[in-house]
Number of protein chains: 4
Amino acid sequence: MPPETTPNRSRRSESSRRAILDATYGLVLEKGYAKLTIEAIAARAGVGKQTIYRWWPSKGAVMFDSFLDVADDRSGEDVALPDTGDIAADLKAVLRATVDEYNDAAYSARLRALNAELLTDPKLSAELFERMLAPGLAAYLTRLEAARSAGEIAADADLETAIEVLLSPIHYRWQLGTGPLTHAFTDSIVDLVLTGLRPPRPRD
Amino acid sequence: MPPETTPNRSRRSESSRRAILDATYGLVLEKGYAKLTIEAIAARAGVGKQTIYRWWPSKGAVMFDSFLDVADDRSGEDVALPDTGDIAADLKAVLRATVDEYNDAAYSARLRALNAELLTDPKLSAELFERMLAPGLAAYLTRLEAARSAGEIAADADLETAIEVLLSPIHYRWQLGTGPLTHAFTDSIVDLVLTGLRPPRPRD
Amino acid sequence: MPPETTPNRSRRSESSRRAILDATYGLVLEKGYAKLTIEAIAARAGVGKQTIYRWWPSKGAVMFDSFLDVADDRSGEDVALPDTGDIAADLKAVLRATVDEYNDAAYSARLRALNAELLTDPKLSAELFERMLAPGLAAYLTRLEAARSAGEIAADADLETAIEVLLSPIHYRWQLGTGPLTHAFTDSIVDLVLTGLRPPRPRD
Amino acid sequence: MPPETTPNRSRRSESSRRAILDATYGLVLEKGYAKLTIEAIAARAGVGKQTIYRWWPSKGAVMFDSFLDVADDRSGEDVALPDTGDIAADLKAVLRATVDEYNDAAYSARLRALNAELLTDPKLSAELFERMLAPGLAAYLTRLEAARSAGEIAADADLETAIEVLLSPIHYRWQLGTGPLTHAFTDSIVDLVLTGLRPPRPRD
DNA sequence: AGCTAACCGAGACGGTACGTCTAGTCTTGAG
DNA sequence: CTCAAGACTAGACGTACCGTCTCGGTTAGCT
């Protein structure tokens with residue numbers, strides 16, 4: 001993500017880059033994003049401040065990169081959703097795991113930093129989307145398409161919207177605190193999304 | 001929201017309070033929340049810095065108050081959802097209006113500030129919920145209960161979850177930029193929430 | 001000497017002023033002027049950097065003030081030259097004392113700082129002259145006038161020039177290292193200035 | 001004069017040496033010594049910084065060398081003082097020329113740089129003396145000895161001291177600003193040094 | 001109808017961090 | 001090897017704000 005002004009990329013010190021990214025990652029967890037400073041990053045990374053300013057335009061960009069860097073490390077991993085043949089059960093299992101992550105203090109701290117930066121600089125969202133969100137969303141899409149093929153889901157269903165409708169309530173509650181982040185909550189989202197609010201058609 | 005330590009509330013200058021809140025509100029729109037400073041607020045409000053520190057614990061609290069203050073002004077207003085007898089049409093109309101607000105630059109700027117502060121200081125979410133969110137959510141609940149009584153919605157539907165499922169995708173897209181905030185998007189949310197993904201039960 | 005922009009003089013903290021001046025004075029002696037930094041002054045004085053920048057335009061100005069401040073403290077003291085009735089003896093005694101000062105390491109360090117700053121910013125010389133040099137030169141003038149009245153010195157002698165001719169060789173040797181700063185050197189200056197180079201007029 | 005550590009002198013690039021010295025000389029005149037930086041020298045000379053650090057120990061040494069280099073160029077020139085047979089007239093003419101130089105802005109700027117460096121690093125004075133001062137002082141000595149032989153000056157006069165007494169007041173006024181640098185001033189120095197302050201011996 | 005304690009505007013203070021600049025060292029690639 | 005180029009660690013620069021602390025002036029609410 002470096003802004004590439006004049007500095008010569010080929011001469012860049014990889015060890016400094018790593019040290020900066022690691023220091024940033026650690027400091028956000030320890031002190032929180034609001035108390036993250038460039039000076040602290042430089043000190044912990046054993047790096048001159050100028051080396052940070054040479055390659056990143058802002059503190060937020062460093063933090064952003066440090067998290068995306070971790071995400072990239074995982075990008076080779078298998079992100080496929082389970083497929084037991086029961087779409088409801090599979091979605092519930094995945095969303096339960098997701099909500100457990102949100103309830104983890106360290107994960108939550110990183111997420112807060114990332115979202116705060118996103119709110120400060122919305123231009124970053126495209127990059128965030130591509131490097132962090134897209135792989136996960138694609139996995140959901142694959143699973144839902146399989147369910148559609150299996151006849152569990154209506155042929156004309158809008159799957160892209162469905163994915164966001166499944167995931168966003170978790171993010172919403174986490175950020176706005178409108179209610180507890182429980183397995184019951186995610187289960188009820190899955191039920192709702194799969195069956196809708198409409199009343200059962202009366203037997204005739 | 002003032003923390004009330006020792007200062008005597010009855011002696012508080014209402015004109016200073018108003019000037020501070022107004023200055024804050026204006027500065028967030030003009031410069032953005034990240035560049036908001038206590039000194040700038042004090043200067044624009046024609047107020048000593050100490051007067052701010054006396055009544056608020058942080059910059060975020062002032063900003064928060066300045067927005068809630070606007071919300072409180074509206075609290076007498078009618079927040080009821082329309083009821084034409086067609087729950088799908090009514091929800092679509094309301095969500096279209098909501099999405100239009102999110103697409104407004106000024107509203108979006110304020111929302112960014114509010115959410116950024118919330119991520120920095122999650123303790124504020126309870127207050128935010130009570131003063132800004134609760135009235136709106138109550139209105140949704142009222143309308144959905146009416147629909148349930150009318151038989152448009154299943155008797156055992158989880159309406160609280162349904163409301164969050166309706167609203168959160170808008171917030172999600174707005175914040176993460178996963179897609180365009182259009183009327184088509186909100187319409188498809190409503191359809192999804194009302195009918196679900198399940199295929200129509202075959203006529204027998 | 002503060003440049004007086006906007007800050008309100010009457011609110012100035014005298015204790016901070018003193019601490020800054022004292023810290024500067026001490027640091028020049030310990031580290032030398034070239035290694036004097038505003039940060040070190042602020043740290044030793046227990047003062048914020050801004051408090052220095054508020055009242056002085058540059059590091060040199062602070063140093064300058066810190067030395068003139070010492071000079072001012074002495075300004076009430078008696079700076080008169082001795083008067084034994086023998087102008088040669090009196091001048092030799094005073095110049096021997098002067099040269100001893102120049103040979104003192106601490107005095108020499110301060111003098112180096114002062115002169116270095118003067119070379120960097122010649123505008124300071126007027127102030128230096130008034131506050132540090134003028135009193136001393138006046139004392140010489142008084143003594144030389146007494147000698148003139150006593151007939152030891154020609155009635156039409158240019159005393160102002162004579163004073164500079166007496167003092168400047170010491171400064172010159174000290175700064176350029178053209179030779180050793182000894183009592184023999186200053187004695188010979190006095191002899192030269194009093195009798196000149198001309199051969200004695202032959203007795204006829 | 002390079003400090004001679006390890007680098008192999010024979011491989012040294014003469015063109016780089018010249019470019020560095022010339023760039024330094026020019027930058028001192030244009031920006032002043034205080035704003036002279038190694039980076040600016042390297043940039044103007046079209047030279048890597050390391051090439052400067054390899055051959056000189058400090059910025060001051062480069063500047064010093066750049067000026068002595070000019071002085072060395074002149075060392076073949078005739079520096080003898082005029083000899084019209086009238087020592088007073090000859091000295092006045094030379095000192096007038098000297099003071100004119102001091103009043104020249106460019107010469108004064110160089111002199112400031114040189115003296116500032118000398119105050120910062122007194123170890124340089126020996127070198128300065130040998131390469132810049134000594135030839136001039138020797139010329140004075142030659143002329144004064146001629147005057148002594150001619151009977152214009154007392155046989156036992158201390159000529160070395162006399163030379164410093166003649167020259168130092170100019171340097172003193174230039175640096176401390178104790179008075180104007182005029183021909184009248186230098187003339188009166190010559191008169192004073194030649195005749196002294198003593199009153200004319202009464203005719204008997 | 002004062003008195004007096006508090007709040008008020010103002011802004012200097014001790015600090016922290018900023019983003020920039022320069023020093024002096026180290027690395028790379030060309031000659 | 002030396003050299004130009006320039007990235008590196010280090011740390012001071014001067015600025016912007018932080019949150020605290022006086023300072024007079026003013027205002028509210030008790031005597």
Side-chain angles (χ1 to χ4, degrees), chain A residues 6-13 15-17 19 35-43 45-55 57-59, chain B residues 6-13 15-16 19 35-43 45-59, chain C residues 6-13 15-17 19 35-43 45-55 57-59, chain D residues 6-13 15-16 19 35-43 45-59:
Chain A
T6 358
N8 184 336
R9 260 168 124 120
S10 68
R11 296 210 169 189
R12 184 167 187 181
S13 160
S15 65
S16 291
R17 197 188 75 88
K35 292 191 179 172
L36 182 69
T37 67
I38 295 272
E39 303 220 319
I41 295 171
V47 137
K49 287 199 290 174
Q50 198 55 54
T51 300
I52 300 179
Y53 286 111
R54 186 154 30 233
W55 302 109
S58 70
K59 173 181 70 168
Chain B
T6 0
N8 184 337
R9 260 168 127 121
S10 67
R11 293 201 165 205
R12 182 167 188 184
S13 160
S15 64
S16 291
K35 294 191 178 170
L36 182 67
T37 67
I38 294 273
E39 302 220 319
I41 296 171
V47 138
K49 287 200 289 174
Q50 197 55 53
T51 301
I52 299 178
Y53 286 110
R54 186 152 31 228
W55 303 107
W56 288 275
S58 70
K59 172 181 74 166
Chain C
T6 357
N8 185 338
R9 261 171 125 118
S10 68
R11 293 209 170 189
R12 183 167 188 182
S13 161
S15 64
S16 292
R17 197 188 74 88
K35 294 190 180 172
L36 182 68
T37 66
I38 294 270
E39 302 220 320
I41 296 172
V47 138
K49 286 201 289 176
Q50 198 55 55
T51 301
I52 299 179
Y53 286 111
R54 188 157 25 233
W55 302 109
S58 69
K59 174 181 71 168
Chain D
T6 357
N8 183 337
R9 257 168 126 130
S10 66
R11 291 201 168 212
R12 183 168 188 182
S13 159
S15 65
S16 289
K35 293 191 179 172
L36 182 69
T37 67
I38 295 273
E39 306 221 316
I41 295 171
V47 138
K49 287 199 292 175
Q50 197 54 52
T51 302
I52 300 179
Y53 285 111
R54 193 160 17 236
W55 302 109
W56 287 273
S58 70
K59 174 181 70 168

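The structure presented is a predicted model; accordingly, all values stated were derived computationally and were not measured. Proteins get letters first, then strands, A, B, ... in listed order; numbering begins at 1 in each.
Residues satisfying the side chain to side chain contact (heavy atoms under 4.5 Å, CB included) criterion with C:Ser13, sequence neighbours excluded, are C:Ser15, C:Ser16.
Closest heavy-atom contact between A:Ala42 and A:Gly48: CB-C, 4.3 Å.
Put simply, CD1 on A:Ile52 is 15 Å from P on F:dG11, counting in whole angstrom units. Rounded to a whole Å, the CZ atom of C:Arg12 is 22 Å from the P atom of F:dC21. Between B:Glu39 atom CD and E:dG15 atom P the separation is 18 Å, expressed in whole Å. For the pair A:Lys35 NZ and E:dC18 P, the interatomic distance rounds to 14 Å; values are reported in whole Å. Straight-line distance from the CZ atom of C:Arg9 to the C1' atom of E:dG11: 17 Å, rounded to whole Å. Rounding to whole angstrom units, CD1 of residue B:Ile41 and C1' of E:dA10 are separated by 17 Å. Rounded to a whole Å, the CZ atom of A:Arg54 is 14 Å from the P atom of E:dT22. A straight line from CD1 of A:Ile38 to P of F:dG11 spans 18 Å, rounded to a whole angstrom.
Helix bend of the helix from E:dA1-F:dT31 to E:dG31-F:dC1: the angle between its two end axes, each built from five pairs, comes to 10° after rounding to 10°.
To the nearest 0.5 Å, the span separating CD on A:Gln50 from CD1 on A:Ile52 amounts to 10.0 Å. One finds the CZ atom of A:Arg54 at 11.0 Å from the CG atom of A:Asn8 (value rounded to the nearest 0.5 Å). Here the straight-line distance linking atom CG of C:Leu36 with atom NZ of C:Lys59 works out to 5.5 Å at 0.5 Å rounding.
Each of D:Ser58 and A:Ala40 lies near DNA chain E, and the nucleotide nearest A:Ala40 is the one positioned closer to the 5' end. Looking at which nucleotide of DNA chain E each of B:Gly48 and C:Ser13 is closest to, the 5′-most match is held by B:Gly48. Nearest-nucleotide assignment on DNA chain F puts the 5′-proximal partner with A:Ala42, out of A:Ala42 and B:Ser10.
If you check every strand for non-hydrogen atoms under 4.0 Å, A:Thr51 touches a base. Contacts of A:Ser16 with the nucleic acid, taken as non-hydrogen atoms under 4.0 Å apart, involve only primed sugar atoms and P, OP1 or OP2.
Annotation: cation-pi geometry satisfied between C:Arg12 and C:Trp55 (NZ/CZ under 6.0 angstrom from ring centroid, within 45° of ring axis).
Residue B:Trp55 places no side-chain N or O under 4.0 Å from the OP1 or OP2 atom of E:dA6. Of the side-chain N and O atoms in B:Trp56, none sit less than 4.0 angstrom from OP1 or OP2 of F:dG19.
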Going 5' to 3' through nucleotides 25-31 of chain E, assign each nucleotide B (protein heavy atom under 4.0 Å from a base atom), S (under 4.0 Å only from sugar-phosphate atoms) or - (no protein heavy atom that close).
-> BBBB---
